[in-house]
Every structure is written in C-alpha cells, then in structure tokens.
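In listed order, ligands and their atoms are each counted from 1. These values consider heavy atoms only, across backbone and side chains, with no hydrogens, waters or symmetry-generated copies.
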Amino acid sequence: MSVDYKFFAQVNKAFDKAAEYTNFDKGLLAQMKICNDVLHVTFPLEKDDGSIEVIEGWRVEHSHHKLPAKGGIRYAMTVNEDETMALAALMTYKCAVVNVPFGGAKGGIRIDKSKYSKSEIERITRRYTYELIRKNFIGPGSDVPAPDYGTGEVEMAWIMDTYRQLNPELNAEGCVTGKPISQGGIRGRKEATGRGVYFGIAEACQNKQDMEMLGLESGIEGKTFVVQGLGNVGYHAAKYMSEAGARLVGVAELEGSIYDENGIDLEKLVEYRKDKGTIIGFDGTRELEGRYQVLEAECDILIPAALENQLNESNAHNIKAKIIGEAANGPTTSEAHEILKKRGALIIPDNYLNAGGVTVSYFEWLKNLSHVRFGRLGKRFEETSYRKILNVIENISDRKFTDEEMGYLAQGAGEYELVDSGLAETMINSYNEINELRKKHDVDLRTAAFINSIEKVGRIYESMGIFP
Ligand code: NAD
C-alpha cells in the first residue's frame, strides 16, 4: 500500500520556510528533516470472545541528534505512518524550542479504543511494548514514550511494567513517562500540557503591542475562549484559563458543540458529561449544528485540543477568533494558517505551545534516573531557614505572625511546586525567545519557532563535524 505523506509534508513545508532564514548546508538540513527509523508492527489480539484480530502500530524515531528519543503514544483510527512520522518530527522541533535534551519520536496504534474492553487494551499495550523491546525501540537511554491522544497513566503503567519485567535494570522506570505517581510518575505531569498551554497563551496576552493590534486588552482576564476536545489537554487548558479569569464560551466534543456567551462552568460541564454521556443540553447552553460549528463562533481565543487538520480551507475563512492557541498537534493546515494570518490572527504554534507535556516528562525522567523525589532533600531545610528569618523579623519589630501566616510564608518547595515553577520558567522563556526571532526576521510565531529549533539542532550536528 503506498503511503500519502501529507501531514509529514506539511511539517516539512513549515521547516523549509524557516530554513531560508538559516545558513546551514542543504545536506545537513535534509538530514535534520528525515525520520531516522520507522518501525511498523502487526500482531494478533485474542479478543474476550475468543476471536482473533490483527492490530497495527508504528513507532518512529525522527532524530538521534540527542538521546533518548522522546514522544507520545497515540491510540486512534487516524494513526498511520504519515501521521506518526509528522508527529515524531514535530517532537524534535518542540524539544529544541523548550531546551529539552531529547530527539523526537512518536508511536501509535490504529484502534478505536471505545470498541475494546479494558483487558483487551491491556493485552494490546503489553504486546505493542514487547514489539518495541524486541526491536530496540524503547529504553531509558534510547527511546522513551509518553501519553498522547487516547492514552494516559494506565497505559504508561502497563508499558513500564512490561519493560521492567523483561529488563530488570536499575533505571528501568525511566523507560516511559506520564506514569501514575505510585509507579515512578511525577506530580504535575497529568496537567502539564494543558497548564503549559495556559502559560503560553497568558504570556502572549501580556504583549501590549500584539493585543492592541488585535483590538484586545492586555492580560488573560475577561477574554472569551472556545475549546475543541475536553480530553487531558483541552480540559486542563480550559481549567487554568478559567481560573485566571478567562470566560469559556464554547466547547466541542465528539457528540457535538455548545455555546453560551455568558460563560460555561467547566467543572459542572465535566460532571454533566460524566452523568449524561454528552455535553449537549448543559445548563443554559445553546447546541450548535454539529461538532465543528463552534470553531467558527464568536470568541477571542480558539483552542483546538483534539486532532490535526481541524482548521482547514473549508472553515478558516469563517473563524472569528483573534488568537489561535494550538494545543493539539498540527490542528491548522498550511492553507488555513495563511488564511488566518492574512486576517491578522495571532497563531501560537503547536511546536511551542503544547511542549509543557514533554517538559514535565523530562523532569519525570530525571526523577527516575536520580531515584529521588524533587524537594525531598531541601524542603524541610528551606522551611527551617524561612522560619528563622521570620523569627528575626518578629524580634526586631512588633509584628507577630499568626500560625497561618507562618505556614504560608515559611513554605518550602515540594515536588509539585518545583515542577510547576520549572514548567512556567520554560514556557515563558521560550515564548520570549521565539517572539524575539519573530521580530528579528519579521515572520510569524510558527516560522520563528522552527528557526529556533533548526538553529539549535543544526549547531549540534555541526559541532559533531559531520554525521556520526
Ligand atoms: P485525549 O484523548 O485525552 O483527548 C482528546 C479529546 O478530543 C477526547 O475527549 C475526544 O473525544 C475529543 N475529540 C476528538 N475528535 C474531536 C472532534 N473532532 N471534535 C471535538 N472533540 C474531539 O487526548 P489529549 O492527550 O488531550 O491530546 C489532544 C491533542 O493534544 C493531540 O493532538 C495530542 O497529540 C496533543 N498533545 C497531547 C499531549 C499530552 O500530554 N497528552 C502532549 C502534547 C500534545
């Protein structure tokens, strides 16, 4: 069967556009773009009713300029070689933008998860992991998967358990990230991608000049937003946006889309969906026609957090949002990107905006290799030091701190606080880095992010003399 490399070609198109602003050798640029290793696996699944089904999956390691290679595992019917290659390439560029020292990778299994029982999903996951082990496509120093669309902590725990049983080595826990905390995971990983999306959008909204150009006030408070996909990334992005004072006015899920200009209570909506199995009919909201209509609804910020190619030639002309926050990978086709850009929209690109997940995965991997929880050594020492300072302040002034004030002011940093601080630092610094390149070259943020990664990865290749 011939493969149509449409999505991968789209990523390469953006790469080529950015490469014009760099001075690297053509051959080196070609090496940077290609996928180093592409693995296609097929294996049998014995279903609960005893029937046999053939399951198909992929793992792609796009770049080995740094090791391990890193990237999520997706369970969806969209999974194919083209999609996995495109997503693996995006991982290389994304890691470079946020200075996470990994090459890019991606994996996927072509299944509709809702059609399988939990034990069937477990057998699929464990067998897929076995295939990755046998072909050397997983390991704490070579290739480290993570969650993506359709997968989460449970699948990561099965992957780690399968790997560790077959490789009972010291650092085996570091073979996968996004694990439950009890299995070597890290506090803050589950929400990291959505939280990073929030940090990135908030930083963009601080830019007075950009906001004036869009006819918006600075800051995130009071801005209206629409989210497509209430999964891990979409839910957490919406949660932190809402907590910061932005107003959720529209939501799309598989069953359709809803809108309410007065605002939607996210937590109540999630409860409602759990109970009724749909978002339709939720408290005071208006049902729109089909699941795509809400993408064209009135709002300041549109956050696509589902799959690729959602903003395309067929709807880009009707999209009213002034800011597009690409939480999903590849949600905007190159044609739609041009249409939206022409209209003056600010597109915060996927290869920067959803990098919070891999950033905290990097922290989890470091935790696994060091075998110690962040904050374990210093937290109590910090608290004691702060208390001593506060006691001195009490002694030289009339001020006596209440127990509550003392507890708050003398708090040492635990794992969650350190992870959150590292994530905020990464997302904010990286935004400003790509924004500088955007101004310097008079390009959009996507091209600026690509220039940033091409420069970083290219310099690594150059410093090796030529290819290893
Ligand atoms: P998820 O499976 O947790 O959630 C995706 C949600 O989107 C689901 O609730 C699904 O029902 C919904 N959905 C699918 N198609 C839709 C459509 N056409 N309209 C409306 N809703 C739709 O997946 P996720 O982990 O949140 O990933 C979402 C996107 O974010 C993907 O593009 C993924 O590659 C990207 N991403 C995820 C992570 C991560 O840490 N999980 C990291 C970086 C990027």
What is the ring orientation for Tyr93 with His62, classed by angle as parallel under 30°, tilted 30 to 60°, or perpendicular over 60°?
perpendicular

[Y] side chain reached by [X] side chain, heavy atoms, under 4.5 Å:
X	Y	result
Thr125	Tyr75	yes
Phe225	Val249	no
Arg446	Glu326	yes
Glu425	Leu423	no

Does NZ or CZ of Arg195 fall inside the cone over Tyr240's six-membered ring, less than 6.0 Å from its centre and within 45° of the axis?
yes

Distances only, to 0.1 Å: what are the N or O pairs between ligand 1 and the protein that fall under 3.5 Å?
| residue | atom | partner | partner atom | Å |
| --- | --- | --- | --- | --- |
| ligand 1 | 2 (O) | Gly150 | N | 2.9 |
| ligand 1 | 3 (O) | Asn232 | N | 3.0 |
| ligand 1 | 9 (O) | Glu253 | OE2 | 2.5 |
| ligand 1 | 11 (O) | Glu253 | OE1 | 2.7 |
| ligand 1 | 11 (O) | Glu253 | OE2 | 3.4 |
| ligand 1 | 18 (N) | Tyr292 | OH | 3.3 |
| ligand 1 | 26 (O) | Asn232 | N | 3.3 |
| ligand 1 | 26 (O) | Val233 | N | 2.9 |
| ligand 1 | 32 (O) | Arg74 | NH2 | 3.4 |
| ligand 1 | 32 (O) | Ala306 | O | 3.0 |
| ligand 1 | 32 (O) | Asn329 | N | 3.1 |
| ligand 1 | 34 (O) | Arg74 | NH2 | 2.8 |
| ligand 1 | 34 (O) | Asp148 | OD1 | 2.7 |
| ligand 1 | 34 (O) | Asp148 | OD2 | 3.1 |
| ligand 1 | 34 (O) | Asn329 | ND2 | 2.9 |
| ligand 1 | 40 (O) | Arg189 | NH1 | 3.4 |
| ligand 1 | 40 (O) | Arg189 | NH2 | 3.4 |
| ligand 1 | 40 (O) | Thr193 | OG1 | 2.8 |

